[in-house]
Amino acid sequence: TVETRAAPVVAELPDLCGHLEALQGLLAQSDLAALEKFAEIRPHLGMLPEHQLGELENALQNLELDAAHRHCQTILNGL
């Protein structure tokens, strides 16, 4: 049923928010440690819409930390 499938997603939401907030804090400071943090939390981000995750990942790969910060904030605002 829908309820059975939705429950794990809801249970993972606090963890997802925590991971993204930690990343957001590093991006706000233009800290390159955000790259390591993203690599660490990437396996936990699979529930995000593919286009949002792709935009965030591309910005980080191109070292566009301001853009990555904006993408991360947009994702957090949508959760």
Side-chain angles (χ1 to χ4, degrees):
T1 65
V2 173
E3 294 83 13
T4 306
R5 277 187 251 140
V9 171
V10 172
E12 292 173 13
L13 194 56
D15 287 341
L16 179 64
C17 289
H19 290 311
L20 288 169
E21 287 169 355
L23 179 63
Q24 180 76 337
L26 293 169
L27 291 169
Q29 299 170 29
S30 296
D31 189 335
L32 290 177
L35 301 174
E36 289 179 34
K37 185 65 174 175
F38 182 76
E40 175 188 317
I41 68 172
R42 176 68 175 85
H44 305 282
L45 304 181
M47 66 189 294
L48 293 176
E50 192 173 316
H51 72 280
Q52 286 185 327
L53 183 56
E55 289 172 345
L56 176 59
E57 193 164 25
N58 286 337
L60 285 165
Q61 287 175 350
N62 293 320
L63 300 179
E64 297 168 351
L65 300 184
D66 287 342
H69 182 259
R70 287 191 304 275
H71 293 307
C72 192
Q73 187 61 54
T74 299
I75 293 168
L76 280 167
N77 289 343
L79 295 178

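Heavy atoms only: backbone and side chains are in, while hydrogens, waters and symmetry mates are out.
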Kindly compute the distance separating CG (Leu20) from CG (Leu27), expressed to the nearest 0.5 Å.
10.0 Å
With sequence neighbours excluded, tell me which residues meet ring pair (Phe, Tyr, Trp, His ring centres under 6.0 Å) with His69.
none
Do Leu26 and Leu35 sit in the same hydrophobic cluster, where Ile, Leu, Val, Met, Phe, Trp and Tyr count as joined when their side-chain heavy atoms come under 4.5 Å apart?
no
Under the side-chain hydrogen bond (donor to acceptor under 3.5 Å, both in side chains) rule, what pairs show up with a residue in residues 29-38, not counting sequence neighbours?
Lys37-Glu40
Side chains of Ile75 and Leu45, heavy atoms from C-beta outward: is any pair under 4.5 Å?
no
I need the full list of salt bridge (Lys or Arg N to Asp or Glu O under 4.0 Å) pairs touching residues 67-79, with sequence neighbours left out, sorted by first then second residue.
none
Let me have the donor-acceptor pairs involving side chains of residues 50-68, under 3.5 Å, with sequence neighbours excluded, atom names and distances please.
residue, atom, partner, partner atom, Å
Glu57, OE2, Arg42, NE, 3.4
Asn58, ND2, Gly54, O, 3.2
Asn62, ND2, Asn58, O, 3.0

Spatial distance of atom CD1 (Ile41) from atom CG (Leu16) [nearest 0.5 Å]
8.0 Å
Minimum heavy-atom distance between Leu23 and Ala34, given as atom pair plus value:
CD1-O, 3.4 Å
Going by the ring-ring contact (aromatic ring centres under 6.0 Å, His included) test, which pairs reach into residues 25-47, not counting sequence neighbours?
His19-His44
